[in-house]
Number of protein chains: 2
Amino acid sequence: MKTELPDHVRTLGEIVTEEIRRKLVDGELVPGQRLSEAALAESLKISRNTLREAFRVLTQEGLLKHEPNRGVFVSVPDMGSIIDIYRVRRFIECQALAQAYPRHPGTRRMREAVETAQRAREVEDWVSVGTANMAFHSAIVELADSPRLSTFYAHISAELRLAFGVLKDPEFLHAPYIDMNASIVHHLEEGRTDEATVALETYLVQSERTVLAAYGRRGG
Amino acid sequence: MKTELPDHVRTLGEIVTEEIRRKLVDGELVPGQRLSEAALAESLKISRNTLREAFRVLTQEGLLKHEPNRGVFVSVPDMGSIIDIYRVRRFIECQALAQAYPRHPGTRRMREAVETAQRAREVEDWVSVGTANMAFHSAIVELADSPRLSTFYAHISAELRLAFGVLKDPEFLHAPYIDMNASIVHHLEEGRTDEATVALETYLVQSERTVLAAYGRRGG
DNA sequence: ATAAATTGAATTGTTGAACAATAAAGCTTT
DNA sequence: AAAGCTTTATTGTTCAACAATTCAATTTAT
C-alpha cells in the first residue's frame, strides 16, 4: 500500500516563485531594485519565460511592481502603503479576535508563538523574534476560520516585511511587543475577549506609529 | 501641449487577462471546464507563453485552478467556497459600514447603484440589476478607504459571480434585495449606521441561505 | 547655452518551434 | 476484473529570434 498524498506537485515555476518571495522578505532583494529578466533568469538557471510567470504571481501579491516596457521592480512601501496595511490589520485582526471563541485551535498557536518569541528573546535572536511575532498575528486571523482571509493576510504580512526590511532593526520593531502579545493571548484564554481586543488595538496603533516615525526619519 | 496621462500602458498579456476574466464572470467559460493552452491560445490569437502568464494571474485571483501537468480549469465554487466567501463578506462589509461616516463619498455611489438597479428592474433587465447590486456592495467596502481591502473584495466578488453563473437566475438572485439595499443606504444617509449594519447583516445571511439552497438542489 | 530632435544600444514584449516530462486512454496479459 | 505496458496528447520548459519601447548619448536647431 502506497501513501497517496503527493497531491501538491511542485512545478519549477512555483519553486522559483517561492525562492524569489523568500529573497524579498529576507531582504536579499531590496525595495526599488529593478529585477532584470536576463540577469535573474541566468542567476536562477531558468528561462526568461518561466521567470516572467513568477513575476506575474509576485506582482499580484503586491511584492513586485510591473512597469510595462521598463521592467519589474521590488515594491517600495511608501507611507501610504504602510497606513493602508495597518488599517487592514486593525480591520481584520481586531474583529477576528473580538468574535473568536477562546477554545479555538488558533489560540494554541498564539500561545506557542508567544513562547517561541520569548525563548528567542533570551538568546537575543531578533530575527526569530520577528518571525514568531508574525506567526502570532497570523494565528489571530485564523481565529476567523476563513481560508481566503488568511491568504489575504499572508500577502499583507509579506508586504509589511518588505517595509520592515528597509528599517533593519528587528529588536526595535518586535521586542517591545512580546509582552503585549502574551497579555493578549492570556486575556483570550481567560475568556476576556473584550480586553484582548482592546490590547490588540493598542498594539497595532503603537506599532504603526513606531514604523511610520522610523520611516519618516529615513526615506520619507 | 500633450495630455500626459497614459501612465497605464496596456500590454497584450494584460488585455488578454482582462478578456478571459470577462469571459469567466460573464459565464462564457463555466466552472470545471478545462482550458486547453493550445486551443485557447489559438482562439485568442496569442502565443502559449503569453497565455500562461495570464493563467498565473487569474489563478492567483482564485478564478482558475492550476493542476500541474494536467492543465488549468475554471474554479468550481463548492459549498465550502460559498460559505467562506459570505463569511468574508459579512466580516468586511458589515464592519466597513458600521464604522463609516455618513458623508463619505462612497455613500453617493451606494445611492447611485440603488437607483441604477431600480431603473433596470423596471425594464426587467436582471443582468444589469445584478451588476448594479455588485456595485452597491463594492461601494460599501470603499467606505473603509482601503485600496487593499477594495482589491481583495473585488476578487471575492468575481469569484462569487462564478458561483452565480451556474445558477443562472439573476432575477431570483438579485431582485429581492434592491429594496433592502435602498433601506440600507437610507439608514446610512440619515446617520443610523447601527440600523444600516443590522439590515446589511440580515441581507447577507438571507442571500447566503438562498444561494446555498439553490446550490444544494443543483450540483451539491 | 538650452531645448529639441535623432540616433543607437539595451531591455522588455511576444512569438514559434522544439523537446522533455507527465498524465490519460487503450491494449494486453493474467 | 486487475495489473502491467504501450501510445498519444498535453503540459512544462527552454531557446532563439524579432518587434516595440525606453533611455541615454549625440546631434541639431533656436
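These figures come from a predicted structure and were not determined experimentally.
Take B:Tyr203 and apply the side-chain hydrogen bond (donor to acceptor under 3.5 Å, both in side chains) test, not counting sequence neighbours, and it matches B:Asn133, B:His137. For A:Gln33, the side-chain hydrogen bond (donor to acceptor under 3.5 Å, both in side chains) test picks out no residue, with sequence neighbours left out. Remark: A:Arg48 engages A:Glu37 in a side-chain hydrogen bond (donor to acceptor under 3.5 Å, both in side chains) (not counting sequence neighbours).
Pairs of residues two or more places apart, or lying in two chains, never qualify as ring pair (Phe, Tyr, Trp, His ring centres under 6.0 Å) while including a residue from residues 54-98 of chain A. Listed by first then second residue, pairs satisfying ring pair (Phe, Tyr, Trp, His ring centres under 6.0 Å) with a partner in residues 150-169 of chain B read A:Phe152-B:Phe152, B:Phe164-B:His174, not counting sequence neighbours.
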* Structure fact -> Nucleotide by nucleotide, nucleotides 4-15 of chain D touches protein heavy atoms under 4.0 Å in the pattern (B base, S sugar-phosphate only, - none) ------SBBBBB
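Atom CZ of A:Phe55 and atom P of C:dT11 are 14 Å apart (whole Å).
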